[in-house]
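Here is the structure we will look at.
In what follows, every chain begins at residue 1, and chains take the letters A, B, ... in the order their sequences are listed. Worth saying up front: this structure is predicted, and the values here are computed from it rather than measured.
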Amino acid sequence: MPTLTLIDGSSYLYRAFHALPPLTNAHGEPTGALFGIVNMLRTTMKAGSDYVAFVCDAPGRTFRDDLYAEYKANRPSMPDDLRAQVEPMMKIVGALGFPILCVPGVEADDVIGTLARQASAAGIDTVISTGDKDFAQLVGGDIILINTMTNTTMDTDGVIAKFGVRPGQIVDYLTLVGDSIDNVPGVEKCGPKTAAKWLAEYADLDALIAHADKIGGKIGENLRAAIPRLPLSRELVTIRTDVPLELGPKDLAMRPRDVEALRELYARYDFKAALKDLDNGTEPSAAASAPVAAVAAPATALVSPDVFSGPGEYEVVLTEDRLAAWLEKLETAPLIAFDTETTSIDAMLAEVVGVSLAVEAGKACYIPVAHDYPGAPAQLSREHVLGALKPVLEDPSRPKVGQHGKYDINVLSHYGIAVQGLAHDTMLESYIYNATATRHDMDSLAQRYLGYTTVKYEEICGKGAKQISFSQVDIETAGKYAAEDADITLRLHQALWPRLEAEPSLRAVYTDIEIPVVPVLAKMERTGVLIDANELRLQSQELGKRMLELQQKAYAAAGHEFNLDSPKQLQAVLFDELGLPAKVKTPTGQPSTNEEALEALADSHELPRLVLDYRGLAKLRSTYTDKLAGIVNPRTGRVHTSYHQGAVATGRISSSDPNLQNIPVRTEEGRRIRQAFVAPPGWRIVAADYSQIELRIMAHLSGDEGLVRAFAEGGDVHRATAAEVFGVPPDEVTTNQRRAAKAINFGLMYGMSAFGLARQLGVDRGEASDYMARYFSRFAGVRAFMDATRDKAHQEGYVETLFGRRLYLENLKSRNQALRAGAERAAINAPMQGTAADIIKRAMLAVTRWMGERDDVRLLMQVHDELVFEVREDAVTEVKKVIEASMSGAAELSVPLQVEVGEGKNWDEAH
DNA sequence: TGTAAACCGTAC
DNA sequence: GACGTACGGTTTACAC
């Protein structure tokens, strides 16, 4: 049968825009969405189709707007960066030879719906290429959907599998669920599951409405209340299949492409691969291609189809011969992608179950070594396989690439393998390329950069209580999954590395900082820190006793018992029962019970103070004393945190399980927890922290004379600031003046406003404005720097650190005032926070290089501006000096980098 | 039983 | 609306 492909242009334009980093060409014009669209179209052409149309929305009102004034009222207007890409997109689509359909008065959806039905009647198979789930209502017979973003096609069975209803029921389903983006009201609290349940029982919306009184509970009430609105919603979500069109399916043949126009457009927007194909004559041309069943069309890659061209050949290695064959391949490989499969996501507990390897795209193997289930085939032994791989993995001259290689390094370390030569890590490549994208896991990266949907771990092992160990997974299934991991890692590297290489400053941050930091963090995690669990348990008991007393007093003050841990119940007691005034509101408009609110009420009633005290103790116990005592590794007697290198957009490292970067320090009570972080007998804890590092960076980056001088003189910078702002000699600065100056210094780095400063200091807004004005008149360079940073952010779309780390700001052009202001504050803060992160990472590298193989110093923790070590007693004096020098020397700024080093038997003493 | 959202609080 | 970056504990609501 002949085939018709209908491309939902608007859907792809938006999706490509949001899925891709904000790329620009040499002229600074945005090209990210274009890039995605062009790749999508080129692969669509390779698939071939007799008839094809690129359908998009025409400007102006449609019948839906006339039906319902609020239709799409929630939809944000098109971002400028996207709008700028629409016209070039149309030019490229036209030059490629695609018929373009933009019909005024109806939406693209209705044009697609009408053409699909007409094609169906004419005996033509139709593929609708879209990312929009609403099209499921058209599926059936000879109409199917393809989503090039997720690599999936959807026929009738697919619709049932995904939505739990038949295609004919999709309209009713969408009516019940509603659509918050298009502002179509549904039934309140009715989600996908409820809608599918109801439609399974009553077949359609009319029958459901007829039996609405049978639905119980709150949700039944919601349904009955929604009934009057439902017919309108139904009309809004129904895709029309009968709009008048001037062209029919058979008018939609590809036209000849305009090679010269394409060449110019590709060159202008920097699409090198497409340009190369054009010059080689390998650019796909749908007009010439034979009709191919579109249903079987190969999955379309959103990006870099040249790098990725479908699933590869994967082998499960079970014999000595095959292992030898792979070892031989490794010998000549310029780069080896490797991955381990294990029994736990916690590297400290994980046992290796198998290893996967890839040396060229599309060819990978999985070597199972410990799969254990009834009927499992005989496997090579773990000892043997790891022994065979050890020389390769430990050879620094044999480059390797991993995805989150730190994990594999730690797992393998457990078997005496000291991995060296991790030259690349795709997680970090993605992180440095665009840190704004919050997810850098392999599944997300494969989707984003290869347009490929990977097999998910959960699909193999399940999740929650039903999760099984990877060792119990069938070897064939495991092999496909695991080999794919290595394969995709290699392909991701091939897609990402050229992009990094093209940006020297990003490449430098990646090569000189992030990659070398990986083994340093791995070692810190393995080393862990010694915890005095008994001390913590004692503290827990004591805290519990005091909490109980406070609890009883609080009940008496409230007049009855309630859950002190529940903000909601506390709110009812304070504001409803006791009638206290609600001065602070939560973001959702509720009266807040946070510290600031309770502090404000403390003079009116005794309860707020009791709650404040209780909360202070509860926090310490639940988050720290109980938690830390319970997380000590029984094998090592120490606590092993996880550090995350790709989690913080500004370049900082974060820590979890447990988070060692928010251990209390400000109160005496909290510091007792640090006393439980101890040195082993014969050792000392040495803690070294940068003094005012971010403020020093602000002085350096801004070059402000006053601030630079204040640091050069080496005194108390907040006092010096206060002296300038208040026009008094430094030794006459009052406590309050210094406090105000300190608040200004910190606030500035966070982009704080006069309003925020007033709130912080408890003064009125006029006074706060006055302080800031005086600050800026004295430190004019700081203001100029901030203005310049903001301008750069707006012009380039990103800001950068001293070392070239880049941060894109997504919301800088948002029409939403709050989002935009937030992005501007982030833009101001990122260069300082990020440069500090770069500097301490450089310091970690310097210290590590100095430590070499010596066994009397261990780096234990990194807390943003502080490094904590364990040092053997006889080496402490020497080591302190070296640490101080390494950290101070980690960057050359126009102000000195001051480091304070202390020692003690525990972390608290070392401060 | 599991998950997500809201609220709160710790660190730098 | 108003101060940047994280992680995480408890409660609550809700779906399975």
Side-chain angles (χ1 to χ4, degrees), chain A residues 189-194 196-197 217-219 435 438 463-467 562-571 584-598 611-612 615-616 618-624 626-627 641-644 647-667 669-670 673-674 689-690 692-695 743-760 765 768 807 816-834 836-837 840 861-866:
Chain A
K189 297 284 179 217
C190 173
K193 301 294 174 189
T194 309
K197 195 175 80 184
K218 180 79 181 152
I219 194 124
T438 46
K463 57 175 180 170
K466 277 169 261 172
Q467 190 172 332
F562 67 102
N563 186 344
L564 267 181
D565 293 322
S566 164
K568 199 174 164 176
Q569 293 183 30
L570 177 61
Q571 175 206 316
V584 185
K585 297 272 203 284
T586 70
T588 57
Q590 295 294 308
S592 173
T593 66
N594 68 13
E595 183 179 354
E596 187 190 350
L598 295 182
V611 174
L612 280 170
R615 279 209 184 138
K619 175 80 178 176
L620 289 177
R621 193 172 75 148
S622 65
T623 309
Y624 302 108
D626 279 358
K627 174 77 188 189
T641 188
S642 295
Y643 286 105
H644 309 285
V648 187
T650 55
R652 273 190 184 176
I653 289 165
S654 77
S655 148
S656 71
D657 306 298
N659 182 356
L660 293 183
Q661 294 177 322
N662 69 348
I663 304 298
V665 70
R666 288 170 195 182
T667 63
E669 211 131 48
I673 291 163
R674 291 188 175 222
D689 66 287
Y690 284 111
Q692 308 291 358
I693 186 167
E694 290 188 16
L695 210 49
I744 295 175
N745 278 333
F746 275 101
L748 282 173
M749 292 190 294
Y750 301 147
M752 189 168 68
S753 63
F755 180 94
L757 183 65
R759 199 177 136 111
Q760 170 81 27
R765 223 167 125 180
L807 180 66
N816 180 328
Q817 172 89 31
L819 287 179
R820 197 171 61 244
E824 286 188 355
R825 289 192 297 271
I828 287 180
N829 176 255
M832 292 177 272
Q833 189 179 121
I840 197 160
M861 296 190 275
Q862 191 257 40
V863 193
H864 308 313
D865 67 353
E866 174 183 10

Below 4.0 angstrom from OP1 or OP2 of [N], is there any side-chain N or O of [X]?
{"X": "A:Thr586", "N": "B:dC7", "result": "yes"}
{"X": "A:Arg615", "N": "B:dC8", "result": "no"}
{"X": "A:Arg825", "N": "C:dT5", "result": "no"}
{"X": "A:Lys568", "N": "C:dA13", "result": "yes"}
{"X": "A:Lys627", "N": "C:dG9", "result": "yes"}
{"X": "A:Ser655", "N": "C:dC7", "result": "no"}
{"X": "A:Gln569", "N": "C:dT12", "result": "yes"}
{"X": "A:Asn659", "N": "B:dT10", "result": "no"}
{"X": "A:Thr588", "N": "B:dC7", "result": "yes"}
{"X": "A:Ser654", "N": "C:dT5", "result": "no"}

Self-check item: Of A:Arg615, A:Lys568, A:Gln569, the residue whose pairing with A:Thr593 passes side chain to side chain donor-acceptor pair (under 3.5 Å)
Solution: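 Only match with A:Thr593 under side chain to side chain donor-acceptor pair (under 3.5 Å): A:Arg615.
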Quick check for you: among [options], whose closest atom lies nearest to any side-chain atom of [X]?
{"X": "A:Lys619", "options": "C:dA6, C:dG8, B:dA11", "value": "C:dG8"}
{"X": "A:Pro567", "options": "C:dG9, B:dT10, B:dC8", "value": "B:dC8"}
{"X": "A:Arg765", "options": "B:dC12, C:dA2, B:dC8", "value": "C:dA2"}
{"X": "A:Val665", "options": "C:dA2, B:dC12, B:dG9", "value": "B:dC12"}

Self-check item: From CA spacing to verdict: side chain to side chain contact (heavy atoms under 4.5 Å, CB included), A:Tyr643, A:Met861
Solution: CA-CA 9 Å; A:Tyr643 286 105; A:Met861 296 190 275; 3.7 Å; yes
Quiz prompt | Neighbour count above 12 (heavy atom, 6.0 Å) for A:Arg759 CZ | solution =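 Not buried by this count: 12 neighbours or fewer within 6.0 Å.
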In whole angstrom, what separates [X]'s [atom1] from [N]'s [atom2]?
{"X": "A:Met861", "N": "B:dA11", "atom1": "CE", "atom2": "P", "value": "14 Å"}
{"X": "A:Arg621", "N": "B:dT10", "atom1": "CZ", "atom2": "P", "value": "16 Å"}
{"X": "A:Tyr624", "N": "B:dA11", "atom1": "OH", "atom2": "C1'", "value": "7 Å"}
{"X": "A:Gln571", "N": "B:dA6", "atom1": "CD", "atom2": "P", "value": "15 Å"}
{"X": "A:Ile663", "N": "C:dA6", "atom1": "CD1", "atom2": "C1'", "value": "13 Å"}
{"X": "A:Met832", "N": "C:dA6", "atom1": "CE", "atom2": "P", "value": "16 Å"}
{"X": "A:Glu595", "N": "B:dG9", "atom1": "CD", "atom2": "P", "value": "6 Å"}
{"X": "A:Tyr643", "N": "C:dC7", "atom1": "OH", "atom2": "C1'", "value": "13 Å"}

Quiz item: Considering only heavy atoms and no angle criterion, is a donor-acceptor pair shorter than 3.5 Å present between the side chain of A:Asp565 and the base of C:dT10?
Solution: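 Between C:dT10 and A:Asp565, which were checked side chain against base, a qualifying N/O pair under 3.5 Å is absent.
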Quiz prompt | Any donor-acceptor N/O pair under 3.5 Å between B:dC12 base and A:Arg652 side chain | solution =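 Donor-acceptor pair under 3.5 Å: yes.
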Self-check item: Interatomic spacing from CD in A:Gln661 to CD1 in A:Ile653 - rounded to 0.5 Å
Solution: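 CD1 of A:Ile653 is found 7.5 Å from CD of A:Gln661.
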Quiz item: Do A:Gln692 and A:Phe746 have side-chain heavy atoms sitting under 4.5 Å apart?
Solution: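 Yes; the side chains approach each other to less than 4.5 Å.
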Exercise. Let me know, please, whether A:His864 or A:Ala818 comes out on the 5' side of the other along DNA chain C by nearest nucleotide.
Key: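 The 5'-side residue here is A:Ala818.
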Quiz item: Pick the nucleotide of DNA chain C nearest each of A:Ala649 and A:Asn563; which residue has the one closer to the 5' end?
Solution: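 It is A:Ala649, whose closest nucleotide lies nearer the 5' terminus.
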Practice problem: Check whether any side-chain N or O of A:Thr667 sits under 3.5 Å from a backbone N or O of A:Gly670 as a donor-acceptor pair, and report yes or no. | Solution: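 Indeed, once roles are kept as given, a pair shorter than 3.5 Å links the two residues.
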